[in-house]
**Q** 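Here it is, the structure, as structure tokens.
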Amino acid sequence: MANSYTDYPEIKFHMEHELMSRIVELKERNYADKDQYDYAPQDFEDAMDSYDKTLEIVGDVTANVIAPNAEAVDAEGPHCENGRVRYAAKTYENLDATIKAGMNGMTMPRRYGGLNLPITVYTAANEIISAGDAGFENIWSLQDCIETLYEFGDEDQRKRFIPRVCEGETMSMDLTEPDAGSDLQSVMLKATYSEEEGCWLLNGVKRFITNGDSDIHLVLARSEEGTRDGRGLSMFIYDKRQGGVNVRRIENKLGIHGSPTCELVYKNAKAELCGDRKLGLIKYVMALMNGARLGIAAQSVGIEQAAYDEGLAYAKDRKQFGKEIINFPAVYDMLALMKAKLDAGRSLLYMTARYVDIYKALDDIARERKLTPEERKEQKTYAKLADSFTPLAKGMNSEFANQNAYDSIQIHGGSGFMLEYKCQQLYRDARITSIYEGTTQLQTVAAIRYVTNGTYMSVIRDFEAQPVAPEYEDYMKRIKEMASKLEASTNAVKEADSQELLDFCARKLYEMTAYTVMCHLLLQDAQKAPELFARSLNVFVNYAESEVEKHFTYIRKMDVAQLDNYRYTVAEA
């Protein structure tokens, strides 16, 4: 029987990284739960076995329920009826299967009914489900919003809401509005405290809300009257059982049809404050968005995998001029690069997830006791790594998802343009990944300070210091040359002392950084498992080398004076 986890040894490889020992140590806290919960691990080996079995269950549900239902869900989509969302019929089958399989509350502590799994394992589950149906993954994965409630809510809120999510209730994050997309400082949904009701009342409109008719909502709203910026925004919890929010309409989207994207109308909707006032955008939404961006990176990798699978299967089967098209260099070149991007992007995804795991586990421990000086240092190190790697993982993988989906259709030729082939759905589903939860341009904005302040270069130098097997020394030499070109390009832009030039070149510096980092990660993987990654390493280094050289040449020839050519060309158009 097919299994979307065990059929892909590359995922299991990333579950066995050496950092997992530290992650398990922090997450399990000396296996304190083992005597209280029969499903809590007894030791490290037991924990790893538990993670493996959990992902086998996710892989089974995905391969045998979610993926087979994807076409029907995409064709039917959700409906808006009397202010409520009704999912596609097969979506309810998917939800029922995930609930019965215990696939909810994955990262939450056991005391609330969760599985206490590391974010790295949850990320793998996200990837697996996305490969089956990215639209359904949007509904299922929004359980991750509970991380923000767990982190910033009070104990009473944790006890009331977290068990419900662990039992299968859905969540959403209601952030954007008609006039506040990427610019969340402009959010104007009004929150007014009612002494009579003893709660906050929310009034206004939210737009582009994924799974907007969920059971539990985290809502960004303006609590401070007279303010116009982010300092007047707070985070609220809205419980659908309280009423007061209706779905005005479901957006008619290009892709991810199974996931309802809603416009919501709040009319005196009762809500409660999550955390402190005025920190909604400044602190809580940033935490929420970082988690969501890691989720979209996982979704993107799932689409990359599915697109590669579809292209490979078709190329093996389709014959032209007397032979299978996979034997034509023009086709196997495309497939090899799709696989290389997939392997490089996946390595970046899981390294980011591990960094997040360590710093979040230490954050959690700090709520119970004071961290030791060594733990504080570790927490600071991994928080910075997580913050710097997340925009790389989200931005690059979403671009790779789009590229792989495009190439999968190209391999299918005319058949790829026909709706009966899955590659066209993947193409439509992939397009949103580089837009929502922060466009690739915004990921560049988030990352560029780490380019200019040397954070990424410090990580790259650490990678360069790692031992390399003799047969891989040439790869290391070539990757070091990429790093040198990145450093020279960064210095050239900085020396120009022009913010506009830096902004103009930022995307190229961002990509040069990401390619260099991914080459290092893939080099590390290939040395541990050459049977899985050696060929992808060769293909990806060739590709990355040419991309870095392209950007290096461009930046070397660019200066402040040339910006006028671009600015005026656009203005005159």
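One-based numbering along the sequence shown.
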**Q** Please name the residue in the list Arg507, Lys341, Lys394 that meets the salt bridge (Lys or Arg N to Asp or Glu O under 4.0 Å) test with Glu399.
**A** Arg507
**Q** Salt bridge (Lys or Arg N to Asp or Glu O under 4.0 Å): which pairs involve residues 411-439, sequence neighbours left out?
**A** Asp74-Arg428
**Q** Looking at residues at least two apart in the chain, or sitting in another chain, which of them share a side chain to side chain contact (heavy atoms under 4.5 Å, CB included) with Thr120?
**A**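 For Thr120, the residues satisfying side chain to side chain contact (heavy atoms under 4.5 Å, CB included) (neighbours in sequence not counted) are Met15, Met20, Ile23, Tyr350, Ala353, Arg354, Asp357.
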**Q** With sequence neighbours excluded, what pairs up with Glu487 under the side-chain hydrogen bond (donor to acceptor under 3.5 Å, both in side chains) test?
**A**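 With neighbours one apart ignored, the set is Arg461.
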**Q** If the condition is side chain to side chain contact (heavy atoms under 4.5 Å, CB included), which residues does Glu481 pass it with, not counting sequence neighbours?
**A**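 Side chain to side chain contact (heavy atoms under 4.5 Å, CB included) list for Glu481, sorted by chain: Lys485.
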**Q** Got a sec, which residues hit side-chain hydrogen bond (donor to acceptor under 3.5 Å, both in side chains) with His551, two or more places apart in sequence or on another chain?
**A** Glu511
**Q** Please determine whether the number of non-hydrogen atoms from other residues, nucleotides or ligands lying under 6.0 Å from atom NZ of Lys53 exceeds 12.
**A** no
**Q** Can you sort out the partners of Tyr475 under side-chain hydrogen bond (donor to acceptor under 3.5 Å, both in side chains), two or more places apart, ordered by chain and number?
**A** Asn538
**Q** List the residues meeting side-chain hydrogen bond (donor to acceptor under 3.5 Å, both in side chains) with Asp213, not counting sequence neighbours, and say none if there are none.
**A** Arg84, Lys240
**Q** Going by the rule side chain to side chain contact (heavy atoms under 4.5 Å, CB included), which residues pair with Arg535 if we only count those two or more places apart in sequence or in a different chain?
**A** none
**Q** Count the heavy atoms of every other residue, nucleotide or ligand shown that sit under 6.0 Å from CZ of Phe533, and state whether that count exceeds 12.
**A** yes
**Q** Taking salt bridge (Lys or Arg N to Asp or Glu O under 4.0 Å) as the definition, give me every residue that meets it alongside Glu56, ordered by chain and number, with sequence neighbours left out.
**A** none
**Q** Taking the inter-plane angle between the rings of Phe540 and Tyr515 on a 0 to 90° scale, is it parallel (under 30°), tilted (30 to 60°) or perpendicular (over 60°)?
**A** tilted
**Q** For Glu16, what residues pass the side chain to side chain contact (heavy atoms under 4.5 Å, CB included) criterion, not counting sequence neighbours?
**A**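 Testing Glu16 for side chain to side chain contact (heavy atoms under 4.5 Å, CB included), a comparison that skips the adjacent residues, returns Lys12.
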**Q** Do you know which two heavy atoms are closest between Leu175 and Lys206, and how far apart they sit?
**A** O-NZ, 2.8 Å
**Q** Identify the two heavy atoms, one from Ile250 and one from Cys80, that lie closest to each other, and give their separation to 0.1 Å.
**A**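 Minimum heavy-atom contact is CD1-N, 3.6 Å.
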**Q** For Arg318, give me all partners under salt bridge (Lys or Arg N to Asp or Glu O under 4.0 Å), at least two apart in sequence or on another chain.
**A**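 So Arg318 forms no salt bridge (Lys or Arg N to Asp or Glu O under 4.0 Å) with any residue.
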**Q** Under the ring-ring contact (aromatic ring centres under 6.0 Å, His included) definition, can you give me all pairs with a residue in residues 384-407, not counting sequence neighbours?
**A**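 Applying ring-ring contact (aromatic ring centres under 6.0 Å, His included) to every pair that reaches into residues 384-407, excluding sequence neighbours, yields Tyr355-Phe389.
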